[in-house]
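Shown next, in structure tokens, is the structure this report addresses.
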Amino acid sequence: MKNLFKPLTLSALALSLVISASVTAAPSKILFGSCGHQDKNIPIFNAINKEQGDLFIFLGDNIYGDTNDMDVLANKYQRLGAKPGFKTLKAQTPIIAMWDDHDFGQNDAGKEQSRQIMLNFWDEPANSARRTRPDGIYTSYMYGENEQTIQVIMPDLRWNRDALNHVGELEYYTKRKLNNQGPYSPSEVKGASMIGEAQWQWLEQELKKPAAIKLIASSLQLLPDFTGWESWANFPEDRNRLFALIKKHKVNGVVIISGDTHWGEISKYKQNLDYPLIEMTSSGLTEKWKDVSPNKHRVGDFTHNVNYGDLSVDWQQTDPAISLKLKGIDGEVIMQSDFSLSSISPYK
């Protein structure tokens, strides 16, 4: 596959050696974030660039398109691309990206045109399946080899999403809003899905591929049971199907990162699973939300300040150590979860 790790400028001989090594090297530091507004300053890029990560994942709402005019949408991407911090990030760090509602255009408007605009901005190859799939821009990447591999799985939660189940206006203002919850409820429609059957078949095959760490990069929160906002919990058949596939195929090493919420937190879930699933939500790069929703799976506190995520792996240890950190505007650690690879790999 395409080598995403970019070597520094060196002599021709040294350059060839670096390229040769980087093809097989597993990333030790993956950074990620979501919800950055193109019309705001994004000073957190300074801290991100100091990290010199091996990979940066944009999880969605990477711009706030919010328009039916595709020229306006393309211009908003260019505003992000013109920011010095983004230019530095793109120059020194490989980037992969998924969209969420605002990248779609007018909060879910657009589709085919916005797909091409989005993929053009992120330098997706012209022959990429993401450009032509009839059911979305989902994709996956495999980094490393042998026992040191990280697979990044990026589902598309927008293209095929069925209708959301809204509560009435009276209930929202008299009950939900008072409890910092949004206007949505879990779908009661049998078979309702965010991703559709074709993508489910793809996702199942991706889960079966061998990798030490399987990083599910989700544009929406996955583990929290219910927030009233958009999340996997609004489509319970999808969420339960994913858990069932992990157990059925004895999938080791699943770690989840997510965005969207405008707050950051760590969630942990083990119900009916053979090992705990851990999710770090990083949101946003510029956006904040003071009314943080309840989450019974939350570990510790939350933050509503700007933040980015850091997944670091110490491959030199016999049992590789994994650290999930949420970091603030100056790179300071706000919260973290440390665990070993063996603790999320019970099937070996």
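None of the values given here were measured: they were computed from a predicted structure.
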Below 3.5 Å, can you tabulate the donor-acceptor pairs from side chains in residues 183-191 to any protein atom, sequence neighbours excluded?
{"residue": "Ser185", "atom": "OG", "partner": "Arg176", "partner atom": "NH2", "Å": "2.5"}
{"residue": "Ser187", "atom": "OG", "partner": "Val189", "partner atom": "N", "Å": "3.2"}

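A cation-pi contact, defined as under 6.0 Å to the ring centre and within 45° of the axis, links Arg115 to Trp159.
A continuous path of ILVMFWY side-chain contacts below 4.5 Å connects Leu273 to Ile213, so both sit in one hydrophobic cluster.
By the salt bridge (charged side-chain N to carboxylate O under 4.0 Å, His left out) test, Glu197 pairs with Arg241, sequence neighbours left out.
Between Asp123 and Lys90 there is a salt bridge, since a side-chain N of the basic residue sits under 4.0 Å from a carboxylate O of the acidic one. Ion pair Glu287/Lys40 flagged as a salt bridge, since at least one NZ, NE, NH1 or NH2 atom sits closer than 4.0 Å to an Asp/Glu carboxylate oxygen. Between Arg239 and Asp225 a salt bridge is recorded (basic side-chain N to carboxylate O distance below 4.0 Å). A salt bridge between Arg158 and Glu230 is present, with a side-chain N of the basic residue lying under 4.0 Å from a carboxylate O of the acidic one.
Between Phe86 and Phe121, the gap from one ring centroid to the other is short of 6.0 Å. Taking the six-membered ring where the residue is Trp, the centroids of Trp289 and Trp229 are separated by under 6.0 Å.
Note: Tyr77 and Trp122 have perpendicular aromatic rings, judged against thresholds of 30 and 60 degrees for the angle between ring planes. Ring geometry, Phe302 versus His304: the interplanar angle falls from 30° to 60°, so the pair is classed tilted.
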**Request:** Just do the side chain to side chain contact (heavy atoms under 4.5 Å, CB included) check on Leu215 and Ile57 with the steps written out, would you?
**Result:** CA-CA 11 Å; Leu215 185 62; Ile57 303 175; 4.1 Å; yes
